[in-house]
Amino acid sequence: MEGGEKQNRNEPSRSGPCRDMKDGSSQTDCRIRGHGPRLSKVNLFTLLSLWMEMFPRDPPEEKEEEEEEEEEDSRQIRGMGLVVVREGKVVGLHCSGPELHAGQAAVLQHGVRLAESQLYFSRRPCATCLKMIINAGVSQISFWPGDPEISMLESSPPGSVREEAALLDAVATEKLKSNSRPHVCVLLQPLTPDLLQFVNETSRDCDFRERQNEDDAAAGDGFNRERVRYLRAFSRRFLVCTSQQHKEILTQMGLENFCAEPYFCNLRHDMRELVEVLAAVAAGVPRHRHGFHREQSWTSWGPQEEVAQEVARHCIIQARLLAYRTEDPKVGVGAVIWAKGKRVGFGGTGRLSLVGCGYNAYPAGSKYAEYPQMDTKQEDRQRRKYRYMIHAEQNALTFRTRDIRAEEPTMLFVTKCPCDECVPLIRGAGITHIYTSDQDRDKDKGDISYLRFSSLTDISKFIWQRNPSDSPAASSHLVNGYLGKHDRQPEPETNRNKKLCTQRPSGAPSGC
């Protein structure tokens with residue numbers, strides 16, 4: 001089990017003892033890991049599950065009166081996010097939909113391929129999902145220790161049918177847990193020192209925030225305002241407001257050991273810090289006035305189908321979370337690939353299904369310390385990292401969970417403009433849409449350049465920029481409803497251009 005030693009299936013993992021657990025690199029399984037700080041695998045998968053719970057839903061249609069009553073009755077069942085991991089790689093991102101729970105959606109999509117997988121839930125799954133997941137042969141089930149899927153916060157008043165349903169589900173879930181092969185537990189780890197501060201700094205200065213600052217001088221410190229707003233919203237959703245109420249929920253879930261000190265305080269602290277990380281990463285992609293807008297192409301026959309702005313933003317934040325697992329000693333990049341099928345699939349992602357995801361790292365299975373870690377500031381070109389680093393797009397394509405199909409739009413969400421090394425791979429793989437920032441576009445930095453991105457005229461490119469309808473110069477950028485290339489001169493390379501790396505001796509996200 002990654003991130004800690006296996007315990008008895010009846011004994012939940014504890015937040016306290018996790019402080020001494022070491023997290024191996026999911027790419028190279030090495031001791032030395034670049035600058036750091038970086039997210040542990042356990043915390044990355046946990047954060048992805050929390051974020052997947054908030055996957056944008058389609059706008060609700062008008063409901064009949066009977067349907068509204070059914071919705072009222074089903075509020076006790078909370079939506080969930082789920083991350084499926086196999087051999088250290090994310091092979092599934094799921095969330096609850098109108099009919100299917102996240103666990104059910106995963107069983108339907110993966111089937112027997114769930115065997116020996118590890119599942120990370122944003123809540124403790126209900127007995128209906130848990131029995132199917134156990135039956136599929138998974139090796140480990142981890143869940144966020146807040147309000148479970150069958151809500152205990154929404155089960156009042158005491159003695160009501162809803163409270164009885166929650167208690168019956170808790171009993172059934174505990175019996176399934178204690179009589180099954182998979183290790184059902186809570187896996188949370190404390191953040192590495194200074195990681196929260198690092199995430200705040202790099203999110204404030206990332207490419208998406210920098211573009212907003214360039215386009216809107218009056219933006220000010222909007223990052224802090226958005227971060228605080230997200231923190232309040234995420235805290236209401238994922239954290240139990242009072243200690244006493246939290247202890248009661250843990251006790252009903254069979255996690256009495258978590259209620260003892262110092263474990264309880266450690267648990268609450270670790271949960272709070274992870275929510276703060278999620279709020280900072282989300283605030284790094286501004287919600288107002290900016291978004292992903294189609295760039296004009298020289299050809300018009302390319303695929304025109306796209307995703308909604310909220311979905312695109314959600315996916316790029318997934319990529320930003322992945323970037324904080326980078327092994328690059330300077331720059332972290334994350335990439336996620338989704339395919340859009342012809343019909344609605346499983347769960348709450350609608351027609352979207354995961355193809356692959358990755359971050360930049362050294363080749364899998366190799367020893368990190370054997371490779372150079374220098375950048376262009378060093379004169380000895382043989383000792384630079386660029387010829388050895390696997391880029392985020394390359395990892396996402398290599399470890400994809402399914403084939404890319406010609407008949408389906410396939411969308412790459414990447415936190416940094418693809419470099420010249422990745423452009424031919426993106427075209428050859430059959431990617432039809434790219435959502436990215438173009439802050440490094442048309443730049444040549446010697447060992448790495450971004451000159452070929454503009455040649456991708458047969459792929460729909462959606463560039464992060466100001467909404468043309470809000471721009472006073474919108475008319476000069478709009479051609480046939482599409483956006484042309486930005487009218488800005490190439491900038492000289494400066495330290496400011498190196499994102500998700502800046503002012504810190506330890507490494508998190510940055511680019512290829």
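No experiment lies behind these values; they were computed from the predicted model shown.
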Visitor: Atom CZ of residue position R402 - does it have more than 12 heavy atoms of other residues, nucleotides or ligands inside 6.0 Å?
Guide: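 More than 12 within 6.0 Å, yes.
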Visitor: Is there a side-chain contact between S40 and L44 (heavy atoms, below 4.5 Å)?
Guide: no
Visitor: Would you check if there is a donor-acceptor pair between the side chains of E149 and H101 at a distance under 3.5 Å?
Guide: yes
Visitor: Taking all heavy atoms of L274 and all of L47, pick out the closest pair and write down the distance.
Guide: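 Looking at all heavy atoms of both residues, the closest pair is O-CD2, 3.3 Å.
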Visitor: Could you tell me whether the side chain of N360 and the main chain of A392 form a donor-acceptor pair under 3.5 Å?
Guide: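 Between the backbone of A392 and the side chain of N360 there is no qualifying donor-acceptor contact (under 3.5 Å).
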Visitor: Determine which pairs satisfy salt bridge (charged side-chain N to carboxylate O under 4.0 Å, His left out) with at least one residue from residues 111-126, sequence neighbours left out, and list them in order.
Guide: E53-R123, E116-R181, R124-D169
Visitor: Please determine whether a side-chain nitrogen of the Lys or Arg among E226 and R209 lies less than 4.0 Å from a carboxylate oxygen of the Asp or Glu.
Guide: yes
Visitor: Applying salt bridge (Lys or Arg N to Asp or Glu O under 4.0 Å), can you list everything that pairs with R405, at least two apart in sequence or on another chain?
Guide: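 Result, salt bridge (Lys or Arg N to Asp or Glu O under 4.0 Å) vs R405: E408.
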Visitor: Going from NE2 on H293 to CD on Q309, what distance comes out if it is rounded to the nearest 0.5 angstrom?
Guide: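 These two atoms lie 5.0 Å from each other.
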Visitor: Does the ring centre of F121 sit less than 6.0 Å away from the ring centre of F143?
Guide: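 Between F121 and F143, which both carry aromatic rings, the centre distance is not below 6.0 Å.
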Visitor: Got a sec, which residues hit salt bridge (Lys or Arg N to Asp or Glu O under 4.0 Å) with R313, two or more places apart in sequence or on another chain?
Guide: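 R313 satisfies salt bridge (Lys or Arg N to Asp or Glu O under 4.0 Å) with no other residue.
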Visitor: Could you tell me which non-hydrogen atom of T432 sits nearest to which non-hydrogen atom of I459, and how far apart they are?
Guide: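 Nearest heavy atoms, T432 then I459: O-CG2, 3.3 Å.
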Visitor: Mind checking the OG1-CD1 spacing from T436 to I426? Nearest 0.5 Å is all I need.
Guide: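 T436 OG1 to I426 CD1: 8.5 Å, rounded to 0.5 Å.
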Visitor: Looking at D447 and K385, is there a salt bridge between them, counting it only when a charged N and a carboxylate O are closer than 4.0 Å?
Guide: no
Visitor: Salt bridge (charged side-chain N to carboxylate O under 4.0 Å, His left out): which pairs involve residues 332-360, sequence neighbours left out?
Guide: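 Matches after skipping sequence neighbours: E305-K340, E305-R351.
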Visitor: Describe, in one word, how the ring planes of Y230 and F234 are oriented to each other, choosing from parallel (under 30°), tilted (30 to 60°) and perpendicular (over 60°).
Guide: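 Correct class here is tilted.
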Visitor: Are any side-chain N or O atoms of N43 and backbone N or O atoms of Q189, one a donor and one an acceptor, separated by less than 3.5 Å?
Guide: yes
Visitor: At what distance, to the nearest 0.5 angstrom, does CG of L188 lie from CH2 of W144?
Guide: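 The CH2 atom of W144 is 5.5 Å from CG of L188, to the nearest 0.5 Å.
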Visitor: Step by step, work out the side-chain contact (heavy atoms from CB on, under 4.5 Å) result for F208 and I316.
Guide: CA-CA 10 Å; F208 305 99; I316 206 70; 3.6 Å; yes
Visitor: How close do L322 and A335 get, heavy atom to heavy atom, and via which atoms?
Guide: CD1-O, 3.7 Å
Visitor: Could you walk me through whether K461 and R294 pass the side-chain contact (heavy atoms from CB on, under 4.5 Å) check?
Guide: CA-CA 6 Å; K461 290 178 285 189; R294 187 191 297 271; over 6 Å; no
Visitor: What do the steps show when you test F292 against F462 for ring-ring contact (aromatic ring centres under 6.0 Å, His included), and what is the final call?
Guide: CA-CA 5 Å; F292 291 98; F462 293 82; 8.1 Å; no
Visitor: Side chains of S454 and D442 only: does a donor on one sit below 3.5 Å from an acceptor on the other?
Guide: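 Side-chain D/A pair, S454 to D442: present.
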Visitor: Return yes if some donor-acceptor pair links the side-chain N/O of T326 with the main-chain N/O of D328 below 3.5 Å, else return no.
Guide: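 The answer is yes, because a donor-acceptor pair under 3.5 Å joins these two groups.
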Visitor: Pair L195, R38 - check side-chain contact (heavy atoms from CB on, under 4.5 Å), show working.
Guide: CA-CA 7 Å; L195 176 59; R38 64 201 295 243; 5.7 Å; no
Visitor: Under 3.5 Å, is there a donor-acceptor pair between the Q465 and R211 side chains?
Guide: no
Visitor: When rounded to the nearest 0.5 angstrom, what distance separates CD1 in I337 from NE2 in H433?
Guide: 14.0 Å
Visitor: Hey, what do you get for OH (Y435) to SG (C315), rounding to the nearest 0.5 Å?
Guide: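 If we round to the nearest 0.5 Å, Y435:OH and C315:SG are 9.0 Å apart.
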Visitor: Say whether H314 and E310, considering side chains only, have a donor N or O and an acceptor N or O under 3.5 Å apart.
Guide: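 On atom types as modelled, these side chains do not qualify, holding no pair under 3.5 Å.
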Visitor: Using the rule given for side-chain contact (heavy atoms from CB on, under 4.5 Å), can you reason through V277 versus N200, listing the C-alpha separation, both sets of side-chain angles and the distance that settles it, and then say yes or no?
Guide: CA-CA 8 Å; V277 166; N200 279 317; over 6 Å; no
Visitor: Would you check if the side chain of E276 reaches a backbone N or O of E273 as a donor-acceptor pair within less than 3.5 Å?
Guide: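 Checked: no pair found.
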Visitor: Are E306 and S460 linked by a side-chain donor-acceptor pair shorter than 3.5 Å?
Guide: no
Visitor: Under the criterion ring-ring contact (aromatic ring centres under 6.0 Å, His included), I'd like the reasoning laid out for H94 against H110: C-alpha separation, chi angles, the key distance, then a yes or no.
Guide: CA-CA 11 Å; H94 304 277; H110 300 277; 5.0 Å; yes
Visitor: Measure the CG-CG distance between L39 and L48 for me, rounded to the nearest 0.5 Å.
Guide: 9.0 Å
Visitor: What salt bridge (charged side-chain N to carboxylate O under 4.0 Å, His left out) pairs are there with at least one residue in residues 93-106, not counting sequence neighbours?
Guide: none
Visitor: Compare every heavy atom of L114 with every heavy atom of V138, then report the nearest pair and how far apart it is.
Guide: CG1-O, 3.5 Å
Visitor: Under the salt bridge (charged side-chain N to carboxylate O under 4.0 Å, His left out) rule, what pairs show up with a residue in residues 419-429, not counting sequence neighbours?
Guide: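 Residue pairs passing salt bridge (charged side-chain N to carboxylate O under 4.0 Å, His left out), neighbours aside: R427-D458.
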Visitor: On a heavy-atom basis, which atom in T415 and which in S437 lie closest, and how many Å separate them?
Guide: O-CB, 4.4 Å
Visitor: Under 4.5 Å between any side-chain heavy atoms of L82 and S49, yes or no?
Guide: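 L82 vs S49: side chains apart.
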Visitor: Ring of Y450, cation from K443 - is the NZ or CZ under 6.0 Å from the centre and inside 45° of the axis?
Guide: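 Judged by the rule, K443 and Y450 form no cation-pi pair.
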Visitor: Could you check Q118 against S142 for side chain to side chain donor-acceptor pair (under 3.5 Å), going step by step and ending with a plain yes or no?
Guide: CA-CA 8 Å; Q118 298 83 45; S142 174; over 6 Å; no
Visitor: So that I can tick it off, tell me whether K445 and D440 are bridged by a salt bridge, with the cut-off set at under 4.0 angstrom between side-chain N and carboxylate O.
Guide: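 A salt bridge is present here (some side-chain N lies under 4.0 Å from a carboxylate O).
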Visitor: Testing the basics here: between L50 and S122, what is the closest heavy-atom pair and its distance to 0.1 Å?
Guide: CD2-CB, 3.8 Å
Visitor: Taking C-beta and beyond as the side chain, do Y120 and V84 meet within less than 4.5 Å on heavy atoms?
Guide: no
